[in-house]
Every structure is written in C-alpha cells, then in structure tokens.
Amino acid sequence: MTSPHRSGGLLARMRSRRAVPRSRARRRAASAVRLIAALVLAGGLYTAFAPAISAEDAPLSPAAMEGKALFDNSCISCHGMNAQGIQGRGPSLVGVGAASVEFQVSTGRMPLGQQSAQAVEKPPVFNEEQTRQIAQYVQELGGGPDLPQGTDLHSGGDVAAGGQIFRLNCSSCHAFGGGGGALSSGKFAPRLSDTSDRVIWAAMLSGPQNMPVFGDNQLTPEQKRDVIAYVQETLKDRDPGGFNLGRLGPTTEGLAVFVVGITALIFTALWIAGKS
C-alpha cells in the first residue's frame with residue numbers, strides 16, 4: 001500500500017515535469033515578442049529621424065533643371081554625374097550650397113583653366129542667369145549655405161562697425177586698403193575694390209581657398225552687411241590722398257612719409273649749411 005507521502009512526492013514530480021516545457025515555451029514566446037517589439041521600435045525611430053532616402057528622387061525646380069543641363073555639359077568631367085566628386089580632379093559639391101557655386105562660377109574661377117596653387121579669377125564662362133541656375137541645382141541636390149536675394153546687400157549697413165570687423169578679421173590677408181596680398185604656398189588674397197556685394201557675401205559663407213568660413217554663427221547677416229558696406233563705401237577705388245601706395249595700409253604710408261620727410265630734412269639742412 002502506497003503511503004501518502006510517496007503519492008504526494010510523485011504528484012509533485014509529475015507537475016514539475018509538466019511545468020518545465022510550459023515555462024520554456026513561455027520564455028521563448030516572450031523572447032520572440034520582445035525581439036519583434038525591438039525591431040518595430042528601431043524601424044519607427046529610423047523612419048522618424050533618419051534622412052529621407054528618397055530625397056534624391058525629389059523633383060527639381062525649373063531653374064535647377066536648367067542648371068542640371070549646364071552642369072552635365074560642363075562640370076561632370078571633374079565633379080561627377082551626381083556632383084559626388086572625382087578623386088584627383090574635383091571635390092564633391094554635395095552640401096557646399098549655392099553660395100560656393102556662385103562665388104566660383106561668377107568670378108570665372110570655375111570651370112578651372114589649369115591646376116595651380118589657387119584658382120585664378122578670370123572672365124566668367126556663364127552669364128548671371130546661368131550661374132544662378134547651376135547654383136540652384138547644387139543647392140537642391142545637397143543643400144548648404146545660400147545667398148539672400150538681390151544684388152544690393154550693403155545698403156543700410158553700418159560702415160563704422162563694418163570697418164572694425166574688417167580690420168579685426170580681414171585686413172591680415174586683404175590688407176587695410178583691400179588691395180590683397182601674398183599668402184603661403186603660392187596662394188594670395190585677392191583685392192576687394194572691384195568685387196560685388198554677392199561675391200563678398202558668398203566668400204564669407206563658403207570660405208574659398210585659404211579664407212576661413214564666416215557663417216551666420218560667426219558673423220550675423222547684419223554684420224556681413226556692415227562689412228560689405230565698409231568695403232563698398234570706403235575701399236572701392238577711392239583714394240582721397242591722391243596716391244594709394246599699393247593700398248598696402250599704414251606700414252607703407254608710414255615708410256613713405258618717413259623717407260620723404262627725412263630726404264626733405266637732409267636737403268633743407270644742406271641748403272641751410274650752404275647759405276651759411
């Protein structure tokens with residue numbers, strides 16, 4: 001006859017054996033549910049925050065379409081069919097913005113005539129409308145810094161404030177008189193006396209060659225307007241003293257005054273000595 005303790009232990013063992021498969025199945029089901037939930041969450045976060053892959057397929061504006069046709073005819077040999085750049089020929093243009101394109105193309109620096117230490121300004125290949133179209137295509141292709149509308153970007157600017165900013169940030173390369181100057185490795189800072197408002201603004205936004213980038217975090221649009229006002233109102237082919245001495249600034253002017261003054265004093269002393 002089986003004792004109650006033995007029968008109770010047997011029942012407990014049977015129940016535990018039945019519970020083991022059930023607990024394993026539950027754990028597997030719970031793991032599968034958690035995995036599916038994690039995948040759904042990751043997919044939702046990617047959809048919400050990742051860049052839209054279909055941005056490349058977004059339709060271009062009419063101006064950008066015209067710019068793309070010009071780009072395909074004149075620029076893809078160096079910058080690639082999708083402006084991704086070609087190693088050893090030209091950099092990627094994705095993200096450089098319309099400002100960089102307008103600076104390079106409107107000044108004739110691009111298309112590049114020959115490889116050198118620095119792209120040289122020359123008569124532009126494209127007219128103003130074509131330049132804006134190419135710039136619009138690059139802007140819609142990858143975004144980046146863009147220029148404000150219009151050609152007058154200095155009216156209303158504070159000339160005195162712009163002069164202070166220019167002397168602090170620009171005169172070391174472009175000279176106090178805006179005449180430009182030599183830099184290292186065969187590069188140079190161009191003169192500013194015959195430069196348009198849009199080219200100056202584009203240069204500040206894009207930082208071509210050795211020039212640093214002055215984005216809106218470094219110089220606000222109002223400060224950029226002040227700088228352009230100073231350049232256009234003070235440095236644009238105006239020499240009230242008669243001789244500009246190369247527009248090299250106070251060093252050259254002081255040297256000229258010193259040489260002329262000393263020479264005058266010497267001749268005066270000799271004249272007085274001769275008379276006496």
Side-chain angles (χ1 to χ4, degrees), residues 71 74-80 83-126 131 134-135 138 142 144-145 147 162-219 223-224 227-228 230-231 235-237 244-256:
F71 184 93
S74 304
C75 310
I76 61 173
S77 59
C78 293
H79 297 288
Q84 79 279 8
I86 298 177
Q87 187 175 4
R89 293 187 181 182
S92 171
L93 300 182
V94 178
V96 302
S100 178
V101 176
E102 186 160 342
F103 174 84
Q104 299 290 349
V105 176
S106 66
T107 59
R109 291 177 168 87
M110 293 292 159
L112 191 64
Q114 61 181 1
Q115 293 288 344
S116 59
Q118 179 170 320
V120 181
E121 184 175 1
K122 57 184 184 296
V125 175
F126 301 99
T131 300
I134 298 174
V138 173
L147 293 174
Q164 184 176 4
I165 297 172
F166 181 90
R167 288 187 292 272
L168 181 63
N169 296 281
C170 314
S171 61
S172 58
C173 294
H174 294 283
F176 285 90
L183 302 175
S184 61
S185 303
K187 299 181 180 180
F188 60 92
R191 59 179 298 175
L192 302 177
S193 57
D194 55 354
T195 308
S196 67
D197 292 6
R198 293 185 66 86
V199 169
I200 298 175
W201 197 301
M204 287 190 283
L205 281 180
S206 60
Q209 311 300 339
N210 277 15
M211 182 173 173
V213 176
F214 294 99
D216 290 343
N217 293 330
Q218 288 76 35
L219 291 179
Q223 290 174 319
K224 290 184 177 66
V227 172
I228 297 175
Y230 171 75
V231 172
L235 306 180
K236 196 172 182 64
D237 292 330
N244 58 35
L245 300 177
R247 288 178 172 264
L248 297 178
T251 301
T252 305
E253 295 170 0
L255 180 62

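For this chain, numbers begin at 1 and follow the sequence in order.
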(message) Do V101 and T131 make a side-chain contact, defined as non-hydrogen atoms from C-beta onward lying under 4.5 Å apart?
(response) no

(request) Measure across A203 and P208 and return the closest heavy-atom pair with its distance rounded to 0.1 Å. (result) O-CD, 3.3 Å

(request) Keeping to residues at least two apart or across chains, list the side chain to side chain donor-acceptor pair (under 3.5 Å) pairs with something in residues 99-108. (result) E102-R132, E102-R198, T107-R109

(request) Quick one: pull up OH in Y230 and CG in L192 and give me the separation to the nearest 0.5 Å. (result) 10.5 Å

(request) Could you tell me which non-hydrogen atom of S172 sits nearest to which non-hydrogen atom of N169, and how far apart they are? (result) OG-O, 4.4 Å

(message) Whether the side chain of H174 engages the backbone of P190 through a donor-acceptor N/O pair (distance < 3.5 Å, no angle test) should be reported.
(response) yes

(message) Can a donor-acceptor pair be found, under 3.5 Å and without considering hydrogens, that links the side chain of K224 to the backbone of G215?
(response) yes

(message) So, taking the atom named CD1 in I228 and the one named CD in Q223, what distance separates them when rounded to the nearest 0.5 Å?
(response) 12.5 Å

(message) Given 3.5 Å as the limit, does a donor-acceptor pair link the side chain of Q209 with the main chain of Q118, or not?
(response) no

(request) Show the numbers, then the answer: is there a side chain to side chain contact (heavy atoms under 4.5 Å, CB included) between W201 and D197? (result) CA-CA 6 Å; W201 197 301; D197 292 6; over 6 Å; no

(request) Grab the two heavy atoms, one from C173 and one from A189, that are nearest each other, plus how far apart they are. (result) O-CB, 3.3 Å

(request) Heavy atoms only: give me the nearest V138-G97 pair and the separation to one decimal. (result) CG1-O, 4.2 Å

(request) Would you indicate whether the side-chain heavy atoms of L235 and F166 approach each other to under 4.5 Å? (result) yes

Listed pairs under 3.5 Å, donor-acceptor, residues 85-95 side chains, sequence neighbours left out:
residue : atom : partner : partner atom : Å
R89     : NH1  : S77     : O            : 3.0
S92     : OG   : A83     : O            : 3.3
S92     : OG   : V94     : N            : 3.3

(message) Between T195 and V231, is there a side-chain heavy-atom distance shorter than 4.5 Å?
(response) no

(request) Measure across A202 and S206 and return the closest heavy-atom pair with its distance rounded to 0.1 Å. (result) O-OG, 2.7 Å

(message) I need the minimum non-hydrogen distance between F71 and G80, along with the two atoms involved.
(response) CE2-O, 3.4 Å

